[in-house]
Amino acid sequence: MTVLDPNFVRSQFPAFSEPSLQGFAHFENAGGSYACGQVIDSLQRYYLQTKVQPYYGFGPSHAAGEQMDQARKRMASWLNVAPDEVNFGPSTSQNTYVVAQALRQHLQAGDEIIVTNQDHEANVGAWRRLESEGVVIREWQVDPESGELDPDGLDDLLNEKTRVVAFTQCSNIVGSMHPVREWTDKIHAAGAMAIVDGVSYAPHGLPDVDALGADIYLFSLYKVYGPHLGVMVMRKTINEQLPNQGHFFNVDHPTARFTPAGPDHAQVASVNGVIDYFEAVYAHHFGVEEATPEKKTSRVRALFQHTERRNLKPLLDFLSSQKSVRLIGKAVTKNRAPTVSFTVQGRDPAEIAALLAERKIGIANGNCYAYRLMPALDIPPLQGVVRLSFVHYTQKEEVSRLVGALDEIL
Ligand SMILES: Cc1ncc(COP(=O)(O)O)c(C=O)c1O
């Protein structure tokens with residue numbers, strides 16, 4: 001079995017050789033990852049060579065538009081969808097906001113939307129606001145001990161009035177990777193649409209969106225080694241059903257209908273850098289032989305997740321051995337992202353984060369915008385949890401250093 005070459009991966013991220021970051025261990029990747037060199041180069045190149053209005057016939061303008069089109073095509077190929085199904089918006093929260101405006105016009109009073117209390121607020125609040133139009137909101141609730149969603153809970157809520165179900169592929173607090181296809185099949189069988197938040201999943205390997213069966217799939221590239229953009233895949237049939245939210249004369253342009261703001265051209269072009277990085281990882285480990293996009297996506301994903309789980313085990317083992325620690329989510333690595341949240345009896349998460357910061361280890365504390373999950377777990381939302389999150393480029397030695405520091409602190 002081919003395993004990830006950590007030295008190769010590290011060499012692709014300028015942050016690891018940046019003098020001001022020496023000695024710093026980044027364990028807040030669920031908030032934002034480092035950018036790969038290919039993205040940084042692409043942004044610089046764009047600003048230097050093609051920083052003009054794209055899509056006109058003159059040289060630099062044409063070149064700018066070409067890069068943007070290429071970015072969309074290449075991202076679509078890695079996600080196994082059509083280019084016209086890929087939308088680039090400023091962020092995932094902005095993308096859900098726009099879709100909610102479309103649903104406001106599309107849904108009728110009495111229609112039902114199922115949301116969870118596990119999700120980041122980006123995939124909850126936008127839909128909950130439709131209550132003011134008479135839409136009925138149902139909440140699929142987590143188990144108050146484990147924070148996990150039980151699929152039976154979905155069965156209990158689905159009915160002939162359900163129009164939309166919004167859930168996450170992986171919670172940014174609990175970390176379990178959900179069986180999305182099983183859930184989207186149930187949702188479709190009930191005649192509803194599935195909106196899937198992939199923000200906490202995508203950094204661990206781009207998904208095959210077609211295989212997942214999501215009608216709308218969202219993630220944020222600033223957590224996937226890229227620029228600050230939100231990717232929203234909207235399947236063709238949904239794009240055709242929902243009312244246009246862009247300029248009226250763009251009604252026939254699928255990629256303009258749900259991204260009303262002019263996009264950040266340089267950032268869209270730099271999505272090529274993200275794909276260049278994934279291509280480089282693929283070529284380094286599997287050679288340059290031709291492979292289908294699905295195969296490339298799944299092989300890189302498997303490489304990332306294998307390394308992540310190997311590095312995750314000592315951290316989970318350590319935390320589960322601590323009497324004072326309440327670990328949120330599973331203590332085993334199977335189908336689990338390396339996003340690990342916990343509370344410590346009698347200690348404030350902010351204090352633990354500050355003690356780690358003194359040791360040059362960066363982590364998150366608080367509710368991380370999964371605000372509603374906190375009371376569901378009997379945790380004060382403004383206090384929240386300690387959250388440690390890493391990705392494939394994190395090294396075993398860094399995890400050992402984190403565990404050592406936690407051992408001193410707890
Ligand atoms: C799971 C999850 N969903 C949605 C979002 C919102 O993404 P954005 O910041 O692009 O709006 C985040 C951001 O942290 C997140 O972690």
Side-chain angles (χ1 to χ4, degrees), residues 26-35 75 86-101 115-129 140 142 147-149 165-178 180 194-207 209 212 214 216-234 258-261 263-264 267-268 270-271 274 328-329 336-341 362-374 376 381 384-391:
H26 182 17
F27 280 95
E28 217 304 80
N29 289 277
S33 68
Y34 284 149
M75 179 55 82
V86 173
N87 300 275
F88 295 115
S91 67
T92 292
S93 304
Q94 290 257 6
N95 284 334
T96 55
Y97 185 88
V98 174
V99 174
Q101 299 319 303
V115 296
T116 81
N117 61 353
Q118 189 191 57
D119 273 81
H120 184 285
E121 191 62 13
N123 198 28
V124 180
W127 322 127
R128 278 190 169 273
R129 287 202 188 102
W140 179 9
V142 295
E148 305 280 3
L149 285 170
V165 181
F167 67 91
T168 184
Q169 184 169 16
C170 177
S171 142
N172 66 338
I173 298 288
V174 183
S176 298
M177 292 176 171
H178 296 145
V180 173
I195 302 182
V196 182
D197 177 343
V199 175
S200 275
Y201 181 89
H204 312 293
L206 292 177
V209 177
L212 293 178
I216 296 178
Y217 185 92
L218 307 121
F219 65 97
S220 303
L221 282 164
Y222 67 96
K223 303 175 197 262
V224 192
Y225 323 116
H228 204 113
L229 279 182
V231 174
M232 173 168 68
V233 174
M234 184 186 281
F258 300 99
T259 50
D264 183 321
Q267 295 202 51
V268 172
S270 79
V271 174
V274 177
I328 314 294
R336 200 195 199 292
T339 301
V340 181
S341 305
I363 66 145
N365 64 283
N367 57 58
C368 304
Y369 285 20
Y371 194 98
R372 296 169 202 268
L373 178 60
M374 299 297 132
V385 296
V386 180
R387 185 181 74 179
L388 320 168
S389 57
F390 64 90
V391 291

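Just so it is clear, the values below take in all heavy atoms, side chains as well, and ignore hydrogens, waters and symmetry mates. Model, not experiment: these values are computed from the prediction. Whatever order the structure lists ligands and atoms in, that order sets their numbers, starting from 1.
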Original post:
Looking at atom 10 (O) of ligand 1, what's its closest protein heavy atom, distance included?
Top reply: Ser220 OG, 2.7 Å
Subject >> Shortest protein contact, atom 14 (O) of ligand 1 (heavy atom only) >> reply: Lys223 NZ, 2.6 Å
Subject >> Atoms of ligand 1 close to Ser91 [distance to a heavy atom under 4.0 angstrom, numbered from 1] >> reply: 8 (P), 10 (O), 11 (O)
Subject >> Contact (N/O only, under 3.5 Å) between Tyr222 and ligand 1 >> reply: yes
**OP:** Look only at interatomic distance and state if Ser93 has a nitrogen or oxygen under 3.5 Å from any nitrogen or oxygen of ligand 1.
**Re:** yes
Subject >> ligand 1 contacted by Ser200 (non-hydrogen, < 4.0 Å) >> reply: yes
Original post:
So do the side chains of Leu212 and Val196 get within less than 4.5 Å of each other, counting heavy atoms only?
Top reply: no
**OP:** Classify the contact between Ala122 and ligand 1 as side chain, backbone, both or neither, using a heavy-atom distance cut-off of under 4.0 Å.
**Re:** side chain
**OP:** Measure Thr92 to ligand 1 on non-hydrogen atoms and call it side chain, backbone, both or neither using the 4.0 Å cut-off.
**Re:** both
Original post:
Using the ring of each side chain (for Trp, its six-membered ring), is His26 parallel, tilted or perpendicular to Tyr34, with breaks at 30° and 60°?
Top reply: tilted
Subject >> Of the listed options Asn95, Asn172, Asp197, closest to atom 4 (C) of ligand 1 (non-hydrogen atoms) >> reply: Asp197
**OP:** Ignoring hydrogens, just give me the one of Gln118, His120, Gln94 whose non-hydrogen atom is nearest atom 2 (C) of ligand 1.
**Re:** His120
Subject >> Asn87 side-chain N/O to Thr259 backbone N/O, donor-acceptor pair under 3.5 Å >> reply: no
Original post:
Under 3.5 Å, is there a donor-acceptor pair between the side chain of Ser33 and the main chain of Tyr225?
Top reply: yes
**OP:** Would you name the heavy atoms of Ser341 and Ile173 that are closest together and state the gap between them?
**Re:** OG-O, 2.8 Å
**OP:** Output the distance between atom NE2 (His120) and atom CG (Leu218), rounded to the nearest 0.5 Å.
**Re:** 12.0 Å
Original post:
Under the criterion side chain to side chain donor-acceptor pair (under 3.5 Å), which of Gln118, Glu148, Gln169 is the partner of Ser176?
Top reply: Glu148
